[in-house]
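Single-structure report; data block below.
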There are 2 protein chains.
Amino acid sequence: MPANLASALITKLAVSNHLDGDDIRAIQSLRIRERHLGAREIIVADGSRPGECCLIVEGFASRSKTTADGERQVLSLHIPGDIPDLQSLHLGIMDHDLVSLSPCALGFIAHAELTEVTARHPHLAAALWRETLIDGSIFREWIVNVGRRAALQRMAHLLIEVHERLEAIGRTRGGEFSLPITQIDLGDCLGLSVVHTNRTLQALRGERLVETDKSGFNLLDQERLKELAGFDRTYLHLTPSS
Amino acid sequence: MPANLASALITKLAVSNHLDGDDIRAIQSLRIRERHLGAREIIVADGSRPGECCLIVEGFASRSKTTADGERQVLSLHIPGDIPDLQSLHLGIMDHDLVSLSPCALGFIAHAELTEVTARHPHLAAALWRETLIDGSIFREWIVNVGRRAALQRMAHLLIEVHERLEAIGRTRGGEFSLPITQIDLGDCLGLSVVHTNRTLQALRGERLVETDKSGFNLLDQERLKELAGFDRTYLHLTPSS
DNA sequence: CGGACTGTTGATTCGAATCAAAACCGGTGG
DNA sequence: CCACCGGTTTTGATTCGAATCAACAGTCCG
C-alpha cells in the first residue's frame, strides 16, 4: 500500500520485464511492512528460515558467506528495488547472510502474500522468477571475475557492473554513483586482501579511471574501463524479454 | 513419452521437491526430443536464443564463459536429470556456453511446452523455479570456492559437491563416481592453471584422500575431505521444502 | 582526549602462474 | 605391428601477483 515502497519494486522490475496494469496493481496491493536499519546490520542470517522477503527501498545491502576457517566472501551487492532474498520463497533455509551496507529503508513481504499473488498473477510470477534468474546470471559473472580476472580488471568489472545497474534505475549522475562500501568489503567482493584492494584502487585512481569518496565512486572514463575489464553487459539482462 | 527420458527428470526433481501424481503425469506427458552427442560438443552457445531447454538424460555437461582475453571459466557441472539451460526459458539470450563433457543422451523440450505445462501445473512450476534457485545457490558456493579457498581445499570441495549430487540420484558406489573430466577442464572449474591443477590433484592422491582414473574419482576418506574443505551441504538443498 | 575502525605504506613471503620440455595415451593409418 | 599424431598428464625451473606482517596516519565519535 505505501506507494513509495511498492514503487521501488515497480521501477526495478520494469527494467527487465514488461509489466501491465494488472501486474502493477497487484504489486501496489501487496502488504509491505516497512523497517529501517542502520549500516552493517544483519537483515537475514545464514541458517535461518525466513517467513518473508526483503525489498530494498533505499540504501545498499550485500550477501555474503563465511568459510569454515573464517574467510568472508561477498556474493552480491544490492540496490534499491532488489529483493535479495527472493530465493527464500522456495528454498526455505538461508545458505548465506544478508547484511545492510548503508542505512536502509526496507520493505518486508510475507511469503504467504507472495505465494498468493504469484498464483493469481502468473505473469508477475514469471517476472519474479526472471529476477532470480538474473541474480543467477550475475553470480556466474562473479565466478568468472574472481576465478579468471586479475585484480585490476576484477575491480574495474565490479564497478562498471554496479554503475550499469544503478543507471538502469536512474541512480547515477554521469559516471558518478553512490556506493558506501569499505575497502574491506570491496576486497571481500573481489576475493582480495584489504592491502591489495587498496593498492588496486590506487592504480585505478592513478590511471585517472576512477575517483572515490566516502560515499561512492566516479567512473571517469567508462569506455576505457569497459575495455580494460572486458565488460559485456549481456549478463545483466537489462531489457525485457531479451 | 519415452519413459526413460522423463524418468531422469523425475528422479532428479524428486530429490529436492515433493512431486504428486499429477506432477509426475504432467512430466511424463511432455514431448521430449531425444538427441545424442559426443564429448566436447557445444549444446547451446553463448549469445544464442534457444527455443527449447535441454535435459541431461545420460552423461555429463558443463557451462562456461570465456573472458575477452580468452580465459575460460567453468561455471557449473551437470549430471543426469539436470536441465542446465532452464534459465533460457525466461532469459531469452544465453550468457554462457553449454558443452557436453562426455558422450550424452539429451532430451530437448520446447519452451512453449514448458510454458504451457507450468501454467497448468503451478506446483510443478514452483519445483522448476526451485531447481533454478538451487542452481543459483551452487553458483554462490562456487564464488566462495574460487574467491576464498586455497587450491587444495577448493578441489576437495568441488569433488565432494559432485559426489553428493550424484549420490542423491543414486549414481555413486561408496566414494566412487564417474566424472570424465580432463585436468584442463578441472582447472577451469577451479580458476587454476593446468599445471597447478595437476599438482593439487597429486597432493590429494598423496594424502590418500582421492584416487582417479580416466573416467572418474574415488573419494577414499569423505570425512577427512569434508573436514579439509570445510564442506557444509546446506547449499545443495537436497531435501524437499527444507 | 582516547579509542575503534578504516585507509595507507613498506618489506617480505608464498602460492600459484608461466615457461619449457618430456612422458604418456589412445587412435589411426601405412 | 609399429610409427606417428594430437591431446593430456607430468616434471622441473623460474617468475610474478597477491598475501602477509607490521606500522602508522586519518577519521569519526562518544
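Letters go in sequence order (proteins before strands), and every chain restarts at 1. Just so you know, these numbers come straight off a predicted model, no measurement behind them.
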Considering every strand and a 4.0 Å limit on heavy-atom distances, what is the contact class for [X]: base, sugar-phosphate, or nothing?
| X | result |
| --- | --- |
| A/T182 | sugar-phosphate |
| B/R149 | nothing |
| B/G191 | sugar-phosphate |

In whole angstrom, give the distance that lies between atom [atom1] of [X] and atom [atom2] of [N].
| X | N | atom1 | atom2 | answer |
| --- | --- | --- | --- | --- |
| A/L204 | C/dT8 | CG | P | 13 Å |
| A/K214 | D/dC29 | NZ | P | 10 Å |
| A/L201 | C/dT6 | CG | C1' | 13 Å |

Fill in: Nucleotide nearest A/V195 when distance is taken to its side chain, options D/dT8, C/dC19, C/dG10
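Shortest atom-to-atom distance from the side chain points to C/dG10.
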Worksheet item: In terms of side-chain heavy atoms of A/S193, which of D/dT9, C/dA17, D/dA19 is nearest?
Response: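 When the side chain of A/S193 is considered, D/dA19 is the closest of D/dT9, C/dA17, D/dA19.
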Practice prompt. Please check if any side-chain donor atom of A/S137 sits under 3.5 Å from a side-chain acceptor atom of B/D95, or the reverse.
Written response: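 Yes, because at least one side-chain N or O of A/S137 sits under 3.5 Å from a partner of the opposite role on B/D95.
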Discussion item. Any donor-acceptor pair under 3.5 Å linking the side-chain atoms of B/E34 with those of B/H36?
Written reply: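 Result is yes, a qualifying pair exists.
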Fill in: Nearest-nucleotide 5' precedence on DNA chain C, A/R148 against A/V194
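Checking each residue's closest nucleotide, the 5'-ward one belongs to A/V194.
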Worksheet item: When the nearest nucleotide of DNA chain D is assigned to B/I184 and to A/R154 on a heavy-atom basis, which residue is associated with the more 5' position?
Response: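 The answer here is B/I184.
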